[in-house]
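To start, the structure itself, in structure tokens.
Owing to the predicted nature of the structure, the values given are computational and were not obtained by experimental measurement. One-based numbering, in listed order, for ligands and for the atoms of each.
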Amino acid sequence: MSSTAAALPTADRHDVAAALRDALLRAEFTSDGLLDLLGAPAYAALARSETVPALRATRGDSPLETLVRLFLLQQPVPRARLAEVLPLDACLDGGWLRPSGDEVAAVVDVRPYGGPDGEDWYIVSDLGCAVGGAGGIGSREEGVVLGVGGASMTLAGITVRTPVASALDLGTGSGIQALHAAQHATQVTATDLNSRALHITALTLALSGVRAADLREGSLYEPVGEATYDLIVSNPPFVISPGARLTYRDGGMGGDDLCRTLVQGAGEHLNEGGYAQFLANWQHVDGEEWTERLRSWVPRGCDAWIVQREVQDVTQYAELWLRDAGDHRTDPAEYAARYDAWLDEFEAHKVRSVGFGWITLRKAAAAHAEPSVVVEEWPHPVEQPLGEAVRAHFARVDWLRTHDDAALLEASFRLSGEVVQEQVGLPGAEDPEHVVLRQGRGMRRATKVDTVGAGFAGVCDGTLSAGRILDAIAQLMGEEPVLLRDRTPAQIRTLVEQGFLEPVADTAG
Ligand SMILES: C[S@@+](CC[C@H](N)C(=O)[O-])C[C@H]1O[C@@H](n2cnc3c(N)ncnc32)[C@H](O)[C@@H]1O
């Protein structure tokens with residue numbers, strides 16, 4: 001366990017958190033209020049860790065400007081002015097603020113964060129860490145607790161949000177995943193190796209007006225013993241680095257071992273039908289297929305859907321994380337030595353590049369003999385939130401598993417919403433070189449189809465069975481219907497698996 005020395009607000013003063021929350025809401029210190037005040041460019045600049053535009057936009061002394069300077073931009077503000085905006089003595093007493101001469105300064109960053117249903121939430125983090133990003137974090141202390149980053153939002157977006165009894169947020173940090181989980185899980189457990197993170201999670205939940213979680217300190221699954229959950233989420237310290245330095249990102253287990261251990265361990269902690277969803281980094285090692293590496297991580301009894309979103313070569317990777325920690329702003333010789341150590345580590349383990357992506361496991365019902373493990377690369381933009389698309393993927397997997405080709409030809413399908421056809425070929429050519437179906441929603445996939453596949457998809461409105469449609473296409477093309485019924489199910493399966501077609505009934509006409 002690691003911890004920075006700076007004091008934190010008291011976590012058990014719920015009365016103070018509630019009074020502070022009321023004051024923040026009254027002043028419209030919310031994500032919408034912030035956007036209105038700063039304007040889109042300054043608001044977006046904050047997300048890139050650039051504070052100058054926001055400082056320029058908050059020179060006045062309205063309650064909202066005062067709070068933005070105090071809680072997001074780490075500016076001390078005059079005591080008398082602040083007393084008009086929030087319950088000053090209670091906030092000093094509860095440790096949210098500290099006196100600084102005639103002024104008062106914040107002890108933690110507080111960032112307004114809008115929930116999916118318009119909730120006004122607040123993410124608490126260490127000072128200078130609410131708007132971390134390309135410019136480097138505000139503190140380089142080992143146990144520093146960061147606010148919300150791009151990875152946090154990605155995981156929150158892909159999480160399946162069906163109502164469940166129990167959820168585990170492993171490596172909770174500022175508590176953002178626990179905050180989301182509390183909306184659809186009766187009981188939320190949040191763990192972290194860093195006790196400071198657990199303290200900050202308690203503050204995030206209290207200030208957001210959300211019920212407290214069961215907070216447990218320790219590494220990986222150790223703090224939860226043999227407990228099982230309906231949902232496990234983790235945005236773990238997935239960075240593959242030479243030695244642990246920063247608890248929030250460096251797993252400290254060597255290579256991608258922390259992510260592997262996390263994924264492998266999930267099987268024992270999931271209830272039947274439960275989901276485990278992780279962000280992860282994985283090594284691409286000379287002489288090994290990355291997809292096989294990932295397949296070997298999937299625990300027995302689980303279906304898996306693994307999506308590689310990006311690959312960086314080892315130099316890009318080292319630079320990304322050196323900059324993330326602000327190392328590029330230190331002594332050049334120190335920077336060079338750190339960079340060198342990173343490349344040494346990769347060279348020693350024959351690592352060429354590193355993949356970034358999402359891993360979703362679903363604990364299958366005991367009756368499923370053959371798990372479905374899909375490992376794929378999809379680096380293109382998707383439509384977040386994707387939680388419903390993830391749930392639907394596993395529902396389609398179940399459907400395909402229980403329908404052999406004969407049953408598939410008996411079933412009828414509907415083309416999913418917002419699928420269009422694109423014809424690709426040389427300008428002026430009479431016939432397209434190939435036909436692509438493209439989704440406008442969810443994963444926004446594109447897939448090549450042949451003439452039969454395109455014709456088939458176009459006719460699918462849920463009325464005729466697949467077999468009847470293929471017979472009609474065979475007639476139009478002058479083909480033998482039996483041959484078409486024989487060779488097309490594989491293509492239909494792919495279209496179903498990827499969500500272009502939705503099964504609607506097993507026995508339609
Ligand atoms: C990248 S942060 C994610 C924080 C937050 N869940 C989010 O989505 O923004 C990773 C968190 O995992 C914690 N952590 C590091 N090593 C851990 C371990 N071995 N077991 C559990 N948590 C760990 C860190 O302290 C940090 O809070």
Side-chain angles (χ1 to χ4, degrees), residues 1-4 8 47 108-109 111 113 121-126 129-133 137 139 141-159 167-182 188-205 208 213 215-225 231-241 243-266 269 276-281 320-321 324-325 356 358-359 384-385:
M1 214 287 308
S2 50
S3 168
T4 45
L8 288 172
V108 284
D109 279 6
R111 174 179 166 174
Y113 176 68
W121 290 336
Y122 295 100
I123 304 289
V124 179
S125 62
D126 264 317
C129 294
V131 288
I137 56 170
S139 157
E141 293 213 37
E142 191 190 344
V144 68
V145 178
L146 257 56
V148 172
S152 326
M153 309 272 274
T154 299
L155 178 62
I158 65 170
T159 301
L168 169 66
D169 171 18
L170 197 155
T172 188
S174 66
I176 172 183
Q177 312 301 339
L179 191 54
H180 280 277
V188 177
T189 302
T191 70
D192 208 288
L193 184 64
N194 182 356
S195 61
R196 189 174 179 82
L198 295 175
H199 190 138
I200 284 188
T201 290
L203 298 172
T204 290
L205 295 176
S208 298
L215 302 173
R216 302 194 186 190
E217 184 180 337
S219 181
L220 296 170
Y221 297 101
E222 176 266 319
V224 300
L231 174 68
I232 299 174
V233 287
S234 185
N235 167 16
F238 51 63
V239 179
I240 301 168
S241 55
R245 264 177 75 213
L246 295 163
T247 310
Y248 75 84
R249 59 165 228 200
D250 300 316
M253 281 180 75
D256 49 20
D257 276 356
L258 184 128
C259 287
R260 179 180 54 75
T261 309
L262 189 63
V263 175
Q264 285 177 337
H269 293 282
Q277 300 193 262
F278 306 109
L279 300 185
N281 280 187
L320 172 71
W321 296 111
D324 167 81
F356 295 61
W358 317 328
I359 298 179
Q384 284 275 33

Judged by heavy atoms only, the candidate from A190, S234, G171 nearest atom 12 (O) of ligand 1 is G171
For atom 3 (C) of ligand 1, the closest protein heavy atom turns out to be N235 O, 3.1 Å
Paired with F238, the side-chain contact (heavy atoms from CB on, under 4.5 Å) test is passed by just one of L279, L262, L258, namely L279
Short question: side chain of T191, backbone of E217 - any donor-acceptor pair under 3.5 Å? no
Exercise. Ignoring hydrogens and angles, tell me if any N or O in the side chain of Q177 forms a donor-acceptor pair with the backbone of S234 under 3.5 Å.
Key: no
for atom 19 (N) of ligand 1, nearest protein heavy atom and its distance come out as S219 OG, 2.9 Å
Short version for T191: what comes under 4.0 Å of ligand 1, heavy atoms counted, is neither
In this structure, atom 5 (C) of ligand 1 is nearest to the protein heavy atom T172 O, 3.2 Å
Near N194 (heavy-atom distance under 4.0 Å), the atoms of ligand 1 are 25 (O)
Ranked by distance from atom 25 (O) of ligand 1, the top protein heavy atom is D192 OD1, 2.6 Å
Quiz item: Taking N or O atoms only and a 3.5 Å limit, does R249 qualify as a polar contact for ligand 1?
Solution: no
* **Geometric class of the H180/Y113 ring pair [parallel <30°, tilted 30-60°, perpendicular >60°]** => perpendicular
Whether D109 side chain and C129 backbone form a donor-acceptor pair below 3.5 Å = yes
Ranked by distance from atom 10 (C) of ligand 1, the top protein heavy atom is Y248 O, 3.2 Å
Nearest non-hydrogen protein atom to atom 20 (N) of ligand 1, with distance, is L220 N, 2.9 Å
for atom 23 (C) of ligand 1, nearest protein heavy atom and its distance come out as L193 CB, 3.7 Å
### Task
Could you establish whether Q177 and ligand 1 come within less than 4.0 Å of each other, counting only heavy atoms on the residue side?
yes
Quiz item: Between the main-chain N or O of N281 and the side-chain N or O of D256, is there a donor-acceptor pair closer than 3.5 Å?
Solution: no
Q) Under a 4.5 Å cut-off applied to non-hydrogen side-chain atoms, are L320 and F356 in contact? A) yes
Taking only non-hydrogen atoms of I176 and a 4.0 Å limit, the atoms of ligand 1 in range are 7 (C), 8 (O), 9 (O)
Q) Does G173 offer a backbone N or O that forms a donor-acceptor pair with the side chain of T201 under 3.5 Å? A) yes
Is it true that L155 lies under 4.0 Å from ligand 1, counting heavy atoms only?
no
Ligand 1 atoms nearer than 4.0 angstrom to some heavy atom of S152 are 7 (C), 8 (O), 9 (O)
Please check if the side chain of T204 supplies one atom and the backbone of V124 the other of a donor-acceptor pair under 3.5 Å. yes
Check: V144 main-chain N/O paired with D126 side-chain donor or acceptor under 3.5 Å: no
of all protein heavy atoms, closest to atom 16 (N) of ligand 1 is P237 CG, 3.3 Å
If you count the non-hydrogen atoms of other residues, nucleotides and ligands that lie under 6.0 Å from CE in M253, is the total more than 12? yes
Item to complete: Give a yes/no on ligand 1: does G218 have at least one heavy atom closer than 4.0 angstrom to it?
Response: yes
